[in-house]
Enquirer: 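Encoded as C-alpha cells, here's the structure I'll be asking about.
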Amino acid sequence: MALFGSSSAASSAAVPTSAEQIKKQLKEQISLELAVANATELVNKITQNCFDKCIQEPQDQITSQQSTCTSQCLEKYMRSWNVISKAYIARIQQEKQ
Amino acid sequence: MSQITQTALQNLDESSRKDILQFIESENSKSKVQMSIHNFTDMCFKKCNDNVPITSNMLAPHEEKCLTNCLNRFLDTNIKVVSALQAQK
C-alpha cells in the first residue's frame, strides 16, 4: 500500500459538466483528502515519537546531537511503518483463509 | 480545483451515484487499514525502542523481528479477548 496514496494532478479545468467529469473529480478530491489525512497522521506520530526519544531536555536551540537523532528517528519510524504495514496485511490475508 | 455545484451533483445519474458510493466505501476501508497501521506502528515503535537510544536510521534484523512479533502478539491478544468475551455470553 502506498504511504501517501496515489494522487493524480488536480484538474484545473473549468466547472465540470458531464457526469463522467464530475465522477472523476469527486474521486480525485476524495483520494486527495484521504492522502492528506494519512500524511498528517504520519507526521504527527513521527513528531510525537521522535520528540519523546530525541529531545530529552529541551535547550535554547536544538543541538546537533538532537538533530541527528531526529533525522535517524524519522527514517527508522518510516521503515517501521513499512514493516508493520507488510506484516499486518499478511496477517489479514492469513486470517481470511 | 474547481468546485462541483450542488445542481451538478443532484443531476448525477443512478449508476454514477452507485459508482461513487462504491468508491467511497473502498477508500474508507483502505483508510481504516492505514489508520490501524499508524496505531500499531506507534505502539510497537515505542515498545521496541523502549530505553534504547536511536543510533541508526536502519532497522536491525532483531528490531524488525520485534516489530512483527509485537504486531502479531497484539492481534493474538485481541482475538483471545474477543473470543473469551463471546464465550461468556
Side-chain angles (χ1 to χ4, degrees), chain A residues 1-3 5 10-23 25-35 37-38 41-42 44-46 48-50 52-54 56 68-92 94-95, chain B residues 1-5 7-24 26-28 30-46 48-60 63-72 74-76 79:
Chain A
M1 188 179 292
L3 200 51
S11 53
S12 53
V15 179
T17 43
S18 78
E20 207 51 44
Q21 272 179 309
I22 292 171
K23 236 164 65 177
Q25 206 192 341
L26 260 181
K27 287 183 182 179
E28 275 173 10
Q29 270 181 25
I30 293 165
S31 298
L32 186 68
E33 271 184 46
L34 287 174
N38 189 39
E41 185 66 14
L42 183 68
N44 288 341
K45 295 274 196 225
I46 293 180
Q48 272 166 23
N49 275 287
C50 295
D52 282 354
K53 210 72 203 148
C54 296
Q56 310 278 7
T68 309
C69 175
T70 308
S71 57
Q72 285 179 336
C73 176
L74 163 80
E75 279 194 53
K76 197 168 183 173
Y77 194 92
M78 293 205 278
R79 286 181 209 280
S80 303
W81 198 96
N82 284 330
V83 168
I84 294 284
S85 170
K86 267 190 212 137
Y88 184 45
I89 288 166
R91 180 75 188 245
I92 292 172
Q94 183 199 317
E95 296 288 339
Chain B
M1 193 179 275
S2 50
Q3 276 297 294
I4 299 167
T5 62
T7 41
L9 277 180
Q10 276 158 1
N11 289 337
L12 267 186
D13 55 283
E14 198 57 33
S15 79
S16 296
R17 282 167 193 263
K18 261 194 192 137
D19 187 27
I20 299 279
L21 272 180
Q22 219 168 37
F23 180 77
I24 291 175
S26 83
E27 288 294 294
N28 196 16
K30 205 168 84 182
S31 182
K32 273 187 193 159
V33 171
Q34 280 176 336
M35 286 304 154
S36 302
I37 297 172
H38 282 303
N39 288 331
F40 296 151
T41 307
D42 184 49
M43 177 181 73
C44 294
F45 185 86
K46 285 189 169 79
C48 293
N49 288 287
D50 195 30
N51 292 322
V52 210
I54 308 274
T55 51
S56 160
N57 58 0
M58 301 293 288
L59 283 175
E63 291 176 311
E64 207 172 310
K65 191 95 196 107
C66 179
L67 289 169
T68 52
N69 284 344
C70 166
L71 172 80
N72 281 307
F74 178 84
L75 296 175
D76 288 349
I79 291 168

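First the proteins, then the strands, lettered A, B, ... as listed; each starts at 1.
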Enquirer: Counting only heavy atoms closer than 4.5 Å, note whether B/Leu75 contacts chain A via side chain, backbone, both or neither.
Expert: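 Both the backbone and the side chain of B/Leu75 come within 4.5 Å of chain A.
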
Enquirer: Applying side-chain hydrogen bond (donor to acceptor under 3.5 Å, both in side chains), name anything that partners B/Asp13, two or more places apart in sequence or on another chain.
Expert: B/Ser15, B/Ser16

Enquirer: Pick one of side chain, backbone, both or neither for A/Lys27, based on which atoms fall under 4.5 Å of a heavy atom in chain B.
Expert: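 The answer is both parts of A/Lys27.
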
Enquirer: To the nearest 0.5 Å, what is the distance between CZ on A/Arg79 and OG on B/Ser56?
Expert: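 Going from the CZ atom of A/Arg79 to the OG atom of B/Ser56 covers 7.5 Å.
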
Enquirer: Holding to side-chain contact (heavy atoms from CB on, under 4.5 Å), I want the full list of residues that pass it with A/Glu95, two or more places apart in sequence or in another chain.
Expert: A/Arg91, B/Ile79

Enquirer: Is A/Ile30 in contact with chain B via its backbone, its side chain, both, or neither, using a 4.5 Å heavy-atom distance?
Expert: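 Contact with chain B involves the side chain of A/Ile30 alone.
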
Enquirer: Pick whichever of B/Ile24, B/Asn28, B/Val52 has the most heavy-atom pairs under 4.5 Å with chain A.
Expert: B/Val52

Enquirer: Is there side-chain contact between A/Leu34 and B/Gln34, with heavy atoms separated by less than 4.5 Å?
Expert: no

Enquirer: Is there a side-chain contact between B/Asp42 and A/Tyr77, using heavy atoms and a 4.5 Å cut-off?
Expert: yes

Enquirer: Counting only heavy atoms not in A/Gln94 (residues, nucleotides, ligands), do more than 12 fall under 6.0 Å from its CD?
Expert: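 Atom CD in A/Gln94 is crowded, with more than 12 foreign heavy atoms closer than 6.0 Å.
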
Enquirer: With a 4.5 angstrom heavy-atom cut-off, which part of B/Asn69 approaches chain A: side chain, backbone, both or neither?
Expert: neither

Enquirer: Let's go through B/Thr41 and A/Lys45 carefully: what are the C-alpha distance in whole Å and the side-chain angles of both, what is the deciding distance for side chain to side chain contact (heavy atoms under 4.5 Å, CB included) to 0.1 Å, and is it a yes or a no?
Expert: CA-CA 9 Å; B/Thr41 307; A/Lys45 295 274 196 225; over 6 Å; no

Enquirer: With side chain to side chain contact (heavy atoms under 4.5 Å, CB included) as the criterion, how do A/Asn38 and B/His38 come out once you've worked through the C-alpha distance, each side chain's angles and the decisive distance to 0.1 Å?
Expert: CA-CA 9 Å; A/Asn38 189 39; B/His38 282 303; 2.6 Å; yes

Enquirer: Would you give the length of the straight line joining atom CD of B/Glu27 to atom CD of A/Glu33, rounded to the nearest 0.5 angstrom?
Expert: 11.5 Å

